[in-house]
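Below is one structure, written out as structure tokens, with a few remarks after it.
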Amino acid sequence: SFCFCFALPWQCFRALCCKGPPPPRPEYDLVCIGLSGSGKTSLLSQLCSESPENIVSTTGFSIKAVPFQNAILNVKELGGADNIRKYWSRYYQGSQGVIFVLDSASSEDDLETARNELHSALQHPQLCTLPFLILANHQDKPAARSVQEV
């Protein structure tokens, strides 16, 4: 029997000769925060290749494992409603990075609230040394602000 392999030789060798599972990918724990309606749930659903049709705003928190080729991101998404934001800090422990999502087309008041929440997170003892990704979402909307404006 013959085997034609169009992948890298070591991948073919592993597929044919190795019976064990591939080595585990490293896992990283992230926290995803932002005001309600900023797009946190949509972002994570898209990264997980889920259908965008059944997205419901997160109340409390949810956890999604986002698989990448070389790593798995365990993302704890925290709801962004007024009455939930005051509890965000209870979920920061163990985080290795932060995704802050903001609606770049939101009102001035909401943008100011988002700015205050971001500054609070940046100064929090459990987050202040971690990498932050700030995602200016909804860039496709006519009212979206540029990166400089945000």
Side-chain angles (χ1 to χ4, degrees), residues 7-8 10-11 13-15 18-150:
L8 296 173
W10 65 270
Q11 289 173 327
F13 178 77
R14 169 181 250 166
C18 299
K19 304 238 186 237
R25 293 178 280 184
E27 294 189 26
Y28 300 97
D29 296 328
L30 305 178
V31 64
C32 182
I33 55 178
L35 302 186
S36 283
S38 61
K40 300 178 299 293
T41 305
S42 297
L43 167 69
L44 294 176
S45 294
Q46 180 141 9
L47 288 174
C48 291
S49 300
E50 296 174 353
S51 171
E53 296 163 7
N54 301 324
I55 294 176
V56 179
S57 187
T58 301
T59 314
F61 74 94
S62 71
I63 299 175
K64 286 198 184 282
V66 182
F68 288 96
Q69 185 175 2
N70 296 324
I72 296 172
L73 303 181
N74 296 311
V75 183
K76 193 181 315 174
E77 176 198 354
L78 307 182
D82 290 349
N83 60 341
I84 295 174
R85 290 196 305 264
K86 60 186 171 188
Y87 299 110
W88 279 358
S89 61
R90 296 182 183 197
Y91 298 91
Y92 291 164
Q93 187 172 355
S95 295
Q96 296 170 286
V98 181
I99 302 169
F100 188 90
V101 182
L102 66 92
D103 179 356
S104 62
S106 65
S107 69
E108 285 295 327
D109 287 345
D110 284 348
L111 197 59
E112 182 65 26
T113 302
R115 181 182 298 116
N116 292 335
E117 294 295 345
L118 174 61
H119 284 284
S120 178
L122 286 166
Q123 294 171 359
H124 193 278
Q126 291 178 316
L127 302 182
C128 64
T129 60
L130 301 180
F132 269 73
L133 168 66
I134 301 171
L135 178 70
N137 203 13
H138 299 142
Q139 287 292 306
D140 56 329
K141 293 185 177 179
R145 292 168 182 81
S146 68
V147 173
Q148 293 77 18
E149 291 173 308
V150 170

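Heavy atoms only: backbone and side chains are in, while hydrogens, waters and symmetry mates are out. Note that the numbering runs from 1 along the sequence shown for the chain.
- When every heavy atom of Ser95 is checked against every heavy atom of Tyr91, the shortest pair comes out as OG-O, 4.1 Å.
- One finds a salt bridge joining Glu108 and Arg145 here, because a Lys/Arg side-chain nitrogen approaches an Asp/Glu carboxylate oxygen to under 4.0 Å.
- Asp29 approaches Gly94 most closely through the heavy-atom pair CB-O, 3.7 Å.
- Nearest heavy-atom pair, Cys32 versus Val101, reported as atom, atom and distance to 0.1 Å: SG-CG2, 4.0 Å.
- Within the 4.5 Å cutoff, side-chain heavy atoms of Arg25 are placed close to those of Pro67.
- Residue Ala81 comes nearest to Ser36 through the heavy atom pair N-OG, 3.1 Å, listed as atom of the first residue, atom of the second, then distance.
- Atom CD of Gln93 sits in a sparse spot, with 12 or fewer heavy atoms from other residues, nucleotides or ligands closer than 6.0 Å.
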Taking only distance into account, with no hydrogens and no angle test, what donor-acceptor pairs under 3.5 Å do side-chain atoms of residues 117-136 form with protein atoms, sequence neighbours excluded?
from: Glu117; atom 1: OE2; to: Arg85; atom 2: NE; distance (Å): 3.1
from: His124; atom 1: ND1; to: Gln126; atom 2: N; distance (Å): 3.1

Validation: residues 39-50 side-chain donor-acceptor distances under 3.5 Å, sequence neighbours left out:
from: Lys40; atom 1: NZ; to: Gly34; atom 2: O; distance (Å): 2.9
from: Lys40; atom 1: NZ; to: Leu35; atom 2: O; distance (Å): 3.0
from: Thr41; atom 1: OG1; to: Thr58; atom 2: OG1; distance (Å): 2.9
from: Thr41; atom 1: OG1; to: Glu77; atom 2: OE1; distance (Å): 3.4
from: Thr41; atom 1: OG1; to: Glu77; atom 2: OE2; distance (Å): 2.5
from: Ser45; atom 1: OG; to: Thr41; atom 2: O; distance (Å): 3.0
from: Ser45; atom 1: OG; to: Glu50; atom 2: OE1; distance (Å): 3.4
from: Glu50; atom 1: OE1; to: Lys64; atom 2: NZ; distance (Å): 3.0
from: Glu50; atom 1: OE2; to: Lys64; atom 2: NZ; distance (Å): 3.2

Quick one: do Val31 and Leu78 satisfy side chain to side chain contact (heavy atoms under 4.5 Å, CB included)? Show the steps, please.
-> CA-CA 7 Å; Val31 64; Leu78 307 182; 3.7 Å; yes

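- Atom-to-atom distance recorded for Arg90:CZ and Phe61:CZ is 12.5 Å, nearest 0.5 angstrom.
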So Ile72 and Tyr28, side chain to side chain contact (heavy atoms under 4.5 Å, CB included) or not? Walk me through it.
CA-CA 6 Å; Ile72 296 172; Tyr28 300 97; over 6 Å; no

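- Pairing each heavy atom of Gly80 with each of Trp88, the nearest pair is CA-CZ2, 4.0 Å.
- For Asp103 against Ser38, the heavy-atom pair with the smallest separation is N-CB, 3.9 Å.
- A distance of 6.5 Å separates CG of Leu111 from CG of Leu102, quoted to the nearest 0.5 Å.
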